[in-house]
2 protein chains.
Amino acid sequence: MGRGRPRKTDPEEVLDTAMKVFWDKGFEGTSMSDLVCATGMAKPGLYACFGDKESLYKKSLTRYYENLGTPLLDDFKNSKDPLPIALRRFFEAVARSMLDTNCPSGCFVVNSLVEGTSQHPELEALGKEYDQKRRDAFVKKFEDAQKNGELPPNIDARAFGEFFSAQSLTLGVLGRTDACKNKLFSFIDVAMTVLPSRE
Amino acid sequence: MGRGRPRKTDPEEVLDTAMKVFWDKGFEGTSMSDLVCATGMAKPGLYACFGDKESLYKKSLTRYYENLGTPLLDDFKNSKDPLPIALRRFFEAVARSMLDTNCPSGCFVVNSLVEGTSQHPELEALGKEYDQKRRDAFVKKFEDAQKNGELPPNIDARAFGEFFSAQSLTLGVLGRTDACKNKLFSFIDVAMTVLPSRE
DNA sequence: ATGATAGAATACCGGTCGGTATATATGCTA
DNA sequence: TAGCATATATACCGACCGGTATTCTATCAT
């Protein structure tokens, strides 16, 4: 094991860097040369390591999702806290990641909106998959809360779940355009008022 | 007047068609050849008429905004109806335009998120300008409603205004990804519950 | 040392990009 | 009908695109 010339660049770092470039310039707006400059890995290396441009993008987005999105969502799903607590923690974590300049904030919503269109069916499918996971988690959480009496029985738990699921996208949009700590957090404050009280 | 060879294609139709192509493929993903095919106007004609690609995009987006966004926003601003009525009418009009397949729904949010990045400062500025107009209108409406006693005095009218302003972006996102009449309208129903009752 | 292995670096491919120069067609005015 | 003004159509430009073949270099096992 360990034969051959050692790598100059760690492939996982390459994926992280690539995601930032894609986030900054968009999929179509990013050239392979941009990625070569940013990552330090030469073009043939990128192709050998990750396949073509679209595969590289998919792998970047997947890694990003598994490192950031999945843990956040799992924490929310598995939380034993009352719904308002868990919900607020989820949104504040999303908001913090949006404010982290080292983090390509909002790439999910960007992917869903633009990269994943009819032109790139695989990217579209990836985006829809993530969207669906989030929405399902939210809806289930709200339905469970209703069963547990945390939410009044006369509301449409699914609609409320989907509403809040969509608010994480809104945070992504605001994070890219308006990003400012106070605004994101006061947005969350207002959103939380949607939660009906127990009775 | 009327000298020279007559136009084969109406420039305003060209702008409408161009916006649809940009909406479908994104700014970077759209080539001038795509636009030539879609609009029927030859490339030199496009350049003579609209300037370069970025100018054409700006003119398309501006026209779209003035034909759709401005009237909607003006109706909302000038409405004498109670706030919940005016708000719901605004959101339902936005939702309907999202569901209109002839209408490149959500190009504002797309522009803000992706086209208008550091790579295209002019597009970014245009997006920010529209964003600001909408936000200002919402904030003013909520502040006025508070003064008129339509909203309780103990809430942060600005934060509520910005929250609802952002919901029109969320409708844009949902319209592009989830578009389905029931979902958009039940999203609006839930969002409306944020409005605190008079007292 | 030496050969095998695997990444790095360079140069290169056909195609398409945004943008334009040139020539032709069409209608108005006089 | 002559001529001008304006749009259209074609062909073309250099640059850059995504992707690859080839060569060079560094590290391993032997």
Side-chain angles (χ1 to χ4, degrees), chain A residues 1-19 21-61 114-123, chain B residues 1-19 21-61 114-123:
Chain A
M1 56 180 291
R3 300 247 281 247
R5 182 171 175 172
R7 310 196 96 101
K8 205 179 67 172
T9 322
D10 172 18
E12 303 212 324
E13 277 181 28
V14 169
L15 289 181
D16 287 341
T17 307
M19 189 75 260
V21 181
F22 281 129
W23 168 80
D24 191 41
K25 307 190 174 189
F27 179 76
E28 301 284 358
T30 299
S31 71
M32 292 306 290
S33 307
D34 292 333
L35 295 170
V36 169
C37 289
T39 62
M41 184 177 275
K43 210 167 5 163
L46 290 175
Y47 278 90
C49 223
F50 307 107
D52 66 8
K53 189 185 174 188
E54 191 168 319
S55 296
L56 172 54
Y57 177 87
K58 276 173 63 179
K59 285 170 182 161
S60 295
L61 188 63
V114 187
E115 324 297 17
T117 62
S118 47
Q119 311 301 309
H120 299 281
E122 295 200 30
L123 306 186
Chain B
M1 55 180 292
R3 300 247 281 247
R5 183 171 172 172
R7 312 196 95 101
K8 204 178 68 173
T9 323
D10 172 18
E12 304 212 323
E13 277 181 27
V14 169
L15 289 181
D16 287 341
T17 307
M19 188 75 260
V21 181
F22 281 130
W23 168 81
D24 191 41
K25 307 191 174 188
F27 179 76
E28 301 285 358
T30 300
S31 72
M32 293 305 291
S33 306
D34 292 333
L35 296 170
V36 169
C37 289
T39 63
M41 183 176 276
K43 209 165 13 160
L46 290 175
Y47 280 90
C49 225
F50 307 107
D52 64 9
K53 190 185 174 188
E54 190 168 320
S55 296
L56 172 55
Y57 177 87
K58 277 174 61 178
K59 284 170 182 159
S60 294
L61 187 63
V114 188
E115 324 297 18
T117 64
S118 47
Q119 311 302 310
H120 299 282
E122 295 199 30
L123 305 186

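- Annotation: side chain of B/Leu56 is in contact with side chain of B/Leu15 (closest heavy-atom distance under 4.5 Å).
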Tabulated below should be each protein N or O lying under 3.5 Å from an N or O of nucleotides 12-18 of chain D; please produce it.
from: D/dC17; atom 1: OP1; to: A/Ser31; atom 2: OG; distance (Å): 3.3
from: D/dG18; atom 1: OP1; to: A/Thr30; atom 2: O; distance (Å): 3.2
from: D/dG18; atom 1: OP1; to: A/Lys53; atom 2: NZ; distance (Å): 2.7
from: D/dG18; atom 1: OP2; to: A/Met32; atom 2: N; distance (Å): 2.7

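- Two residues are said to be in side-chain contact when any heavy atoms from C-beta on lie closer than 4.5 Å; A/Tyr57 and A/Glu54 fail this criterion.
- Under a 3.5 Å cut-off, the side chain of A/Lys59 and the backbone N or O of A/Phe50 do form a donor-acceptor pair.
- Residues that satisfy the side chain to side chain donor-acceptor pair (under 3.5 Å) test with B/Ser55, not counting sequence neighbours, are B/Asp52.
- Here the OG1 atom belonging to A/Thr39 is positioned 11.5 Å from the CG atom belonging to A/Asp10, to the nearest 0.5 angstrom.
- Legend: residues meeting salt bridge (charged side-chain N to carboxylate O under 4.0 Å, His left out) with A/Lys53, ordered by chain and number and at least two apart, are absent.
- Remark: B/Glu122 engages B/Lys58 in a salt bridge (charged side-chain N to carboxylate O under 4.0 Å, His left out) (not counting sequence neighbours).
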Listing time: all N or O pairs from protein to nucleotides 5-7 of chain C that are below 3.5 Å?
from: C/dG7; atom 1: O4'; to: A/Arg5; atom 2: O; distance (Å): 3.4
from: C/dG7; atom 1: N2; to: A/Arg5; atom 2: NH1; distance (Å): 3.0

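- In this view, A/Thr9 satisfies the side chain to side chain donor-acceptor pair (under 3.5 Å) rule with no residue, not counting sequence neighbours.
- Between the C1' atom of C/dA9 and the CG atom of A/Leu46 lies a distance of 13 Å, rounded to the nearest Å.
- Distance, B/His120 NE2 to C/dG18 P: 11 Å, rounded to whole Å.
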